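Structure, as structure tokens:
Note that the coordinates shown come from a computational prediction; the quantities given were computed from them, not determined experimentally.
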Amino acid sequence: MRIESYLNQAIMAAGVRRWLGIMAYLVIFSYPLTQAERLYRDDIWRSFHGEMGWVSNGRPLSSLFALLVNGGPRLADIAPLPLWLGLAAVASSILLWRRRLLAFDTGYAWLAMLILVVQPFFLQNLSYHFDAMPMALALACAITGIACALNPREHQRWQARFRWLAGGAGILASLFFYQPAANVYFVLLAFHVLLSVSHQGRPDWPRHLGALAAGLMALMISKFVSALLIAGDYSVQHSKLAPLDQLPLHLVAQTGRFWHYVASMLDPPTGWLFLGLAVVVPLGLVIAAVRQRNAVGLAVMILVLACLPLGGLGFLTALASPIWQPRVMMGFGAVYAGLLFCALHWLWRSRRPTAGWSLLGWPLVVVALGTPLTLAYAYGNAQRQQALFADDVSMRLIDDLATQPSPAALIIEGSLPLTRATRSAITVHPLLGELIRPYLDNGYWWGYQDLYRRGLSSAFELGDDPALRRRFEVQCRDLTPLARRAWYTLYRFEQSYVVSFESPCHHTLTTTELPLDD
């Protein structure tokens, strides 16, 4: 009895050490994002209104947990606490999922699952002050859901029902936190099927079909509930399904567009590593299935591998007009993590010193988990540089508008340039061009909201008349500016104020017009 107690304590201590190790890595990874000190898009609205707004997006659990953390319905900015609470939940879920992977590898291949968090596109999810926790909790629930759904219980009826119920509850919670995270559930299920076939020659039919059924049922329940909750043109537009008669070609087109986007956005080390894994791992899985001499298992293997590219966007490909932003591409992290796990467990399965292949495992881990740190720190520092620059320009603009004799419609013509440091970072890391966007950018709604947050009177309402813009561009060189600054020129034109950031209406030479390598 005492030996069993010591064993349980040792297992628990090892689990705590693993959790602390994961959290240490995730805190180091997310630290530059917390230091950027830039409110990110939706943060602008929530920071000065204190309103949640997630229920109308079909995300009731996001509002519920934000209410619990804030102690009331009005939001306060308590970043980075929500971010790190969400990451703590993800770390716990990864360790739970690790137990399901022990059937295939008892070593360190499970470290590949950290890619679920540190994959490039998830950086946008972690950029928010208010939304980072719900998005991280959505990922944690998806991972926990598949871990529960695949729990190898005895095939007694009540235990099987509990397994499917827990798995279904996990993915349903994920959908009510942030819908795209649920793709992770299905991608991890697909890899569990592939590994089962490669090791045993066939899927574990009761567990795998049960997990699939639970996930599909959760999707239907979520769609029904979301239809009752979703409101607003933006949310409604991006939640409509494509017409059934166009769906097959639509899925293919959206999937092709997604992978083309991925290829253009990944840094070279990550891109080449992912491409190598995408070529080698499916081939290795098929060879392993052939060796099992099970025709049904081989057929399942080929079918799942054929469907795996859909995992990047998952069920979002069925939407007529999905939101095309990095934050919805959480399925990519699951595909990447699954491929890396397969490669690592093959490399470390070779225990003979003369084999040599096992020596490649740790360098692969270093590259896979080290390059995200470079990207995160480049992103955080570029965000901070852009935030400091935008702060200065925005406050000068507000001062110039506040001294005008009367308010009127405000039109922003052109875009606030990126700082040279930001442009240098984008040259090295193309994805940063998607993640960092100036708010003062023509009719960009968030640009006006950011000015109001900083103190601009709402009497300077958003003006976005395309015809007026064209007339201004023709006549601006004959107008007398109200104010000329290094980065913009302010005009009064046809009962509106126009802020011009670009030539020919803004004449001042700026350093951003100089080449990067001057």
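Annotation: side chain of Leu83 is in contact with side chain of Leu126 (closest heavy-atom distance under 4.5 Å). Contact of the Leu194 side chain with the Met301 side chain is registered, since non-hydrogen atoms from C-beta on lie closer than 4.5 Å. Residues Leu111 and Trp362 are in side-chain contact: their nearest non-hydrogen atoms beyond the backbone lie under 4.5 Å apart. Met113 places a side-chain heavy atom less than 4.5 Å from the side chain of Leu101. Counting only heavy atoms from C-beta outward, the side chains of Tyr379 and Ser127 approach each other to under 4.5 Å. The shortest side-chain heavy-atom distance between Lys223 and Leu219 does not fall under the 4.5 Å cut-off. Proximity of Leu123 to Phe29: side-chain heavy atoms (C-beta onward) are separated by under 4.5 Å at one or more points. Pro180 is listed as a side-chain neighbour of Leu316, based on a closest heavy-atom distance under 4.5 Å.
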Q.
If you apply the rule side chain to side chain contact (heavy atoms under 4.5 Å, CB included), what do you find for Phe121 with Val262, and how did you get there?
A. CA-CA 9 Å; Phe121 302 115; Val262 168; 3.9 Å; yes

Q: Given side chain to side chain donor-acceptor pair (under 3.5 Å), test Gln383 with Tyr40 step by step and report yes or no.
A: CA-CA 10 Å; Gln383 276 273 51; Tyr40 198 79; 5.3 Å; no

Q: Evaluate the criterion side chain to side chain contact (heavy atoms under 4.5 Å, CB included) for residue pair Leu139 and Phe177; output intermediate values, then yes/no.
A: CA-CA 9 Å; Leu139 176 61; Phe177 272 119; over 6 Å; no

Q) Passes side chain to side chain contact (heavy atoms under 4.5 Å, CB included), Tyr336 versus Thr270? Steps please. A) CA-CA 10 Å; Tyr336 186 7; Thr270 302; 3.9 Å; yes

Q. When you look at Met133 and Val69, which way does the side chain to side chain contact (heavy atoms under 4.5 Å, CB included) test go after all the steps?
A. CA-CA 10 Å; Met133 183 182 70; Val69 172; 3.7 Å; yes

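The line from CG of Asn183 to CG of Leu188 is 10.5 Å long, rounded to the nearest 0.5 Å. Rounding to the nearest 0.5 Å gives a distance of 8.0 Å between CG of Leu150 and OG of Ser196. Note that CG of Leu175 and CD1 of Ile171 are 5.5 Å apart. Values are rounded to the nearest 0.5 Å. Within the model, atoms CG of Leu172 and OG of Ser222 stand 6.5 Å from one another, a figure rounded to the nearest 0.5 Å. Atom-to-atom distance recorded for Leu435:CG and Gln386:CD is 13.0 Å, nearest 0.5 angstrom. The CD atom of Gln200 lies 7.0 Å from the CG atom of Asp204; values are rounded to the nearest 0.5 Å.
For the residue pair Thr427 and Ser424, no side-chain donor N or O sits within less than 3.5 Å of a side-chain acceptor on the partner.
Figure legend: cation-pi geometry between Arg100 and Trp110 absent, as NZ or CZ is not positioned both under 6.0 Å from the six-membered ring centre and within 45° of its axis.
Enclosure of atom OH in Tyr377 by more than 12 non-hydrogen atoms of other residues, nucleotides or ligands within 6.0 angstrom is indicated. Around atom OH of Tyr31, no more than 12 heavy atoms belonging to other residues, nucleotides or ligands sit under 6.0 Å away. Around CH2 of Trp259, the count of heavy atoms belonging to other residues, nucleotides or ligands within 6.0 Å exceeds 12. Other residues, nucleotides and ligands place more than 12 heavy atoms under 6.0 Å from the CG atom of Leu102.
Between Phe332 and Phe122, the distance from one ring center to the other does not fall under 6.0 angstrom.
The side chain to side chain donor-acceptor pair (under 3.5 Å) test applied to Arg41 returns Gln325, not counting sequence neighbours. With sequence neighbours excluded, the residues that form a side-chain contact (heavy atoms from CB on, under 4.5 Å) with Ile287 are Leu283, Arg291. Scored by the side chain to side chain donor-acceptor pair (under 3.5 Å) test, Ser198 finds no partners at all (sequence neighbours excluded).
Under the 3.5 Å distance criterion, the side-chain polar atoms of Tyr25 are matched with a main-chain donor or acceptor of Leu369. Looking at Ser174, its side chain never comes within 3.5 Å of a backbone N or O of Gly170 through a donor-acceptor pair. With hydrogens and angles disregarded, a donor-acceptor distance shorter than 3.5 Å links the side chain of Thr255 to the backbone of Leu251. Side-chain atoms of Arg46 come within 3.5 Å of backbone N or O of Met52 as a donor-acceptor pair. The backbone N or O of Ser321 lies less than 3.5 Å from a partner atom in the side chain of His238, making a donor-acceptor pair. At least one donor-acceptor pair under 3.5 Å links the side chain of Tyr185 to the backbone N or O of Ala211. Formation of a donor-acceptor pair under 3.5 Å by the Arg163 side chain with backbone atoms of Asn151 is found in this model.
Residue pairs meeting the ring-ring contact (aromatic ring centres under 6.0 Å, His included) criterion with at least one member in residues 287-307, sequence neighbours excluded, do not occur. Identified under the ring-ring contact (aromatic ring centres under 6.0 Å, His included) test for residues 196-225, with sequence neighbours left out: Phe104-His199, His192-His208, His199-His345. Applying the salt bridge (Lys or Arg N to Asp or Glu O under 4.0 Å) test to residues at least two apart or on different chains, none of the pairs has a partner in residues 318-347.
Nearest heavy-atom pair, Ser93 versus Thr144, reported as atom, atom and distance to 0.1 Å: CB-OG1, 3.3 Å. The two residues Phe258 and Gly312 have their closest heavy-atom pair at CE2-CA, 3.4 Å. Here the closest non-hydrogen pair linking Leu75 and Ala66 is CD2-CB, 4.0 Å. Between Leu33 and Ala376, the closest heavy-atom pair is CD1-O, 4.1 Å. Residue Trp19 comes nearest to Ala88 through the heavy atom pair NE1-O, 3.4 Å, listed as atom of the first residue, atom of the second, then distance. In terms of heavy atoms, Pro282 sits closest to Leu305 at O-CD1, 3.9 Å.
The side-chain hydrogen bond (donor to acceptor under 3.5 Å, both in side chains) with His129 is formed by just one residue from the set Asp77, Asp42, Thr34, Asp43; it is Asp77. Screening Ser226, Ser239, Ser235 for a side-chain hydrogen bond (donor to acceptor under 3.5 Å, both in side chains) with Asn57, the sole residue that qualifies is Ser235. Considering Ser62, Pro82, Ser47 in turn, Ser47 is the only one that fulfils the side chain to side chain contact (heavy atoms under 4.5 Å, CB included) rule with Phe130.
Under the 4.0 Å criterion applied to side-chain N and carboxylate O atoms, Asp105 and Arg98 are not assigned as salt-bridge partners.
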